[in-house]
Amino acid sequence: MLSSTNAITPNGYLRFRNFLQKACGISLSENKQYLVASRLGKTLERENFTKIEQLVDALERAGSARLKEEVINAMTTNETLWFRDSHPFTILKNKVLPEMTARPLKIWSAASSTGQEPYSISMVIDEFKSLRPGVLKAGERIVATDICTNILQHAKQGEYDSLAIARGLGAD
Ligand SMILES: C[S@@+](CC[C@H](N)C(=O)[O-])C[C@H]1O[C@@H](n2cnc3c(N)ncnc32)[C@H](O)[C@@H]1O
């Protein structure tokens, strides 16, 4: 079992970093061996891999799509909250929406995590429409995607516990 960062050899770690960068653009810094060990420990144990090199070898073999998905899911950080980084939402409300009233509006939340971002966007649009009935005549559409397949189901369900709700969502 890969329980210790010592099992991640410098060469194996370098190969894993390259794999992850190529597979999904996530760039691990030089000293994140502990993160890899903690997030992939169970996968390595199940696969009977004692070294990270064995995992990279398996990922590079044809037919490794499921393992690749599992590794990417484990390595993504899905931290999110409502109206995160308030600036883009202010721009959406004060600039983008007023200027887009005649054209179909299509917004892509490309890394939506559990959905707080696309639902925050939809709340801004709803509030805009309720203040100006009849605007956005051409309709609006929000598309949410994420490379992590685990969290997309959560995003689709749109159900949040009180802890998640408390992170950035006002009472109204
Ligand atoms: C820190 S969360 C940010 C979520 C949201 N955009 C926000 O700002 O609150 C980063 C998300 O990016 C996703 N991600 C990472 N690499 C990605 C890629 N190449 N394509 C799509 N999503 C990716 C992760 O799975 C994760 O859910």
Side-chain angles (χ1 to χ4, degrees), residues 2 5 8 12-44 46-47 52 55-56 58-97 100 104-128 140-172:
L2 190 76
T5 52
I8 304 184
Y13 182 58
L14 186 64
R15 284 183 62 202
F16 182 73
R17 284 173 68 194
N18 288 339
F19 157 79
L20 199 64
Q21 170 82 55
K22 216 167 138 190
C24 61
I26 294 177
S27 175
L28 289 175
S29 57
E30 280 176 25
N31 56 353
K32 288 282 164 64
Q33 289 87 342
Y34 70 91
L35 188 74
V36 175
S38 71
R39 293 199 179 178
L40 295 179
K42 278 187 188 153
T43 304
L44 293 155
R46 190 197 62 226
E47 300 289 330
I52 190 83
L55 176 67
V56 181
L59 289 166
E60 285 172 351
R61 278 198 283 274
S64 64
R66 252 190 45 214
L67 184 63
K68 196 168 166 184
E69 179 180 340
E70 179 180 334
V71 167
I72 291 174
N73 282 354
M75 291 310 300
T76 54
T77 297
N78 309 122
E79 160 70 11
T80 189
L81 46 91
W82 307 95
F83 303 99
R84 186 176 185 207
D85 304 325
S86 57
H87 186 63
F89 294 97
T90 307
I91 297 288
L92 176 65
K93 179 180 159 193
N94 296 335
K95 188 162 171 62
V96 178
L97 294 179
M100 294 285 290
L105 185 64
K106 191 168 177 183
I107 299 180
W108 180 20
S109 172
S112 65
S113 186
T114 41
Q116 282 87 334
E117 182 174 279
Y119 290 126
S120 296
I121 293 169
S122 99
M123 286 181 223
V124 171
I125 294 175
D126 274 356
E127 282 173 13
F128 182 80
E140 69 276 354
R141 181 172 149 82
I142 302 167
V143 175
T145 58
D146 199 287
I147 202 165
C148 174
T149 51
N150 283 345
I151 45 87
L152 280 177
Q153 189 53 32
H154 186 166
K156 267 188 199 164
Q157 272 172 337
E159 290 175 9
Y160 301 92
D161 62 23
S162 52
L163 270 182
I165 287 173
R167 300 191 66 210
L169 201 57
D172 53 332

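These numbers were taken from a predicted model, which means no experiment stands behind them. One-based numbering, in listed order, for ligands and for the atoms of each.
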request  = Test side chain to side chain contact (heavy atoms under 4.5 Å, CB included) on T80 and I151 and set out the steps.
outcome  = CA-CA 11 Å; T80 189; I151 45 87; over 6 Å; no
ask   = Got L35 and M75 here, is their nearest side-chain heavy-atom distance under 4.5 Å?
value = yes
pair R46-T43: side-chain heavy atoms closer than 4.5 Å = yes
query = Considering all heavy atoms of both residues, which atom of I147 and which atom of N73 are nearest to each other, and what is their separation?
reply = O-OD1, 3.9 Å
task = Below 4.0 Å from any atom of ligand 1, which residues have a heavy atom? Give them in chain and number order, please.
result =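 Residues within 4.0 Å of ligand 1: C24, T76, T77, N78, E79, T80, R84, A110, A111, S113, E117, D146, I147, C148.
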request  = Return the set of residues passing salt bridge (Lys or Arg N to Asp or Glu O under 4.0 Å) with R167 (not counting sequence neighbours), or none when no residue passes.
outcome  = E79
task = Name the orientation class of the two ring planes belonging to W82 and Y119 (parallel below 30°, tilted from 30 to 60°, perpendicular beyond 60°).
result = tilted
